[in-house]
Amino acid sequence: MHPRLTAVAYWLRRRAENVAVALLAVMFGTFILQILFRYVLNDPLGWSEELIITTWLWTVLWGAAFTLRETEEIRFDIIYSQISERTRRVFTVITALALVLMYAISLPAAYSYVSFMKVEHSAYLRIPLNWMYSVFIIFTAACIVRYLWLVWRAIHGNKSPTTNPAELGD
């Protein structure tokens, strides 16, 4: 890959990680605030649970779309690490194309549903639900691009990552 393109991709990954950290910080701060109000001040906050659930949803899908590395994905390592590099690349292409197909088929219906949800609002924060669930559309589009990239790399001979159980920690 071109060095400048690599630098831009690295910078974008760091910014995506910053967003995930900010979401986790908001979630944690709200959780602490919820505990303080519920158990110390005996005045529970209704909106805190809604904000925690929303930030958790965004953190999980945002992180899976933009910060998760290929080596961190779940694989059947017992089989995957024992086969030849060429077979691993074939498996990568087949799996990635299957996922692209599934995400692409689901995208119009998901977009339609998320768009429809603009008529509903959250109970406490009164945020339109299409804003809250729009992260799923972002996630789906990012996964399609990611897996197409993996197909391109596998077809052009880039090595698939293997997992060495001896190098993994607890």
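Atom set for the values below is all heavy atoms of this structure, side chains included, hydrogens, waters and symmetry mates excluded.
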**Request:** Please say whether the positively charged group of R15, taken as NZ for Lys or CZ for Arg, lies over the ring of W11, i.e. under 6.0 angstrom from the six-membered ring centre and within 45 degrees of the axis.
**Result:**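 Yes.
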**Request:** Spell out, as yes or no, whether a donor-acceptor pair under 3.5 Å connects the side chain of R89 to the backbone of A154.
**Result:**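 Yes, the answer is positive, given that a donor and an acceptor are paired below the 3.5 Å cut-off.
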Taking only residues two or more places apart in sequence or in another chain, which ones pass ring-ring contact (aromatic ring centres under 6.0 Å, His included) with [X]?
| X | value |
| --- | --- |
| Y133 | none |
| Y103 | F139 |
| W152 | W149, H156 |

Of all residues at least two apart in sequence or in a different chain, which pass the side-chain contact (heavy atoms from CB on, under 4.5 Å) check with [X]?
| X | answer |
| --- | --- |
| R14 | Y10, E17, R69 |
| S112 | none |
| A16 | W62, F66, T67 |

If hydrophobic clusters are built from ILVMFWY residues whose side chains come within less than 4.5 Å, do [X] and [Y] share one?
| X | Y | answer |
| --- | --- | --- |
| M102 | I137 | yes |
| M132 | W47 | yes |
| I105 | V100 | no |
| V60 | V21 | no |
| W56 | I35 | yes |

**Chi angles and distances behind the side chain to side chain contact (heavy atoms under 4.5 Å, CB included) call for I138, W58** = CA-CA 10 Å; I138 296 167; W58 270 78; 4.1 Å; yes
Which donor-acceptor pairs under 3.5 Å do the side chains of residues 113-125 make with protein atoms, sequence neighbours left out?
{"unit_1": "S115", "atom_1": "OG", "unit_2": "Y111", "atom_2": "O", "d": "2.9"}
{"unit_1": "S122", "atom_1": "OG", "unit_2": "E50", "atom_2": "OE2", "d": "2.7"}
{"unit_1": "S122", "atom_1": "OG", "unit_2": "R126", "atom_2": "N", "d": "3.0"}
{"unit_1": "S122", "atom_1": "OG", "unit_2": "I127", "atom_2": "N", "d": "3.0"}

**Message:** Using 0.5 Å steps for rounding, measure from the CG atom of L61 to the OG1 atom of T59.
**Reply:**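 The distance works out to 9.5 Å.
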**Request:** Look up atom OG1 in T92 and atom OH in Y147, then write down how far apart they are to the nearest 0.5 Å.
**Result:**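 Output value for this atom pair is 10.5 Å.
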**Item:** Under 4.5 Å side-chain linkage, directly or through intermediates, the cluster mates of V93
**Value:**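 V93 clusters with L97, V151, I155.
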**Prompt:** Using a side-chain heavy atom cutoff under 4.5 Å and only I, L, V, M, F, W and Y, what cluster partners does I94 have?
**Reply:**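 Noted: I94 shares its cluster with V90.
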**Prompt:** With sequence neighbours left out, what residues match S106 under side-chain hydrogen bond (donor to acceptor under 3.5 Å, both in side chains)?
**Reply:**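 Counting only residues at least two positions away or on another chain, S106 forms no side-chain hydrogen bond (donor to acceptor under 3.5 Å, both in side chains).
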**Prompt:** Within a radius of less than 6.0 Å around CZ of R86, do more than 12 heavy atoms belonging to other residues, nucleotides or ligands occur?
**Reply:**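 Count not over threshold, so no.
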**Selection residues 136-151 - residue pairs positive for salt bridge (Lys or Arg N to Asp or Glu O under 4.0 Å), sequence neighbours left out** =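 Salt bridge (Lys or Arg N to Asp or Glu O under 4.0 Å) check on residues 136-151 returns E73-R146.
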**Prompt:** Shortest non-hydrogen contact from L107 to I144?
**Reply:**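 Closest pair (atom of L107, atom of I144, distance): CD2-CD1, 4.2 Å.
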**Asked** What closest approach, in Å, do I52 and T55 show between heavy atoms, and which atom pair accounts for it?
**Response**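 Here I52 and T55 meet closest at O-OG1, 3.0 Å.
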**Request:** Taking the side chain as every heavy atom from C-beta outward, state whether P3 and T6 have any atom pair closer than 4.5 Å.
**Result:**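 The answer is no; the side chains never approach within 4.5 Å.
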Under 3.5 Å, which donor-acceptor pairs link side chains of residues 23-34 to any protein atom two or more places apart or in another chain?
{"unit_1": "T30", "atom_1": "OG1", "unit_2": "V26", "atom_2": "O", "d": "2.7"}
{"unit_1": "Q34", "atom_1": "NE2", "unit_2": "S48", "atom_2": "OG", "d": "3.3"}

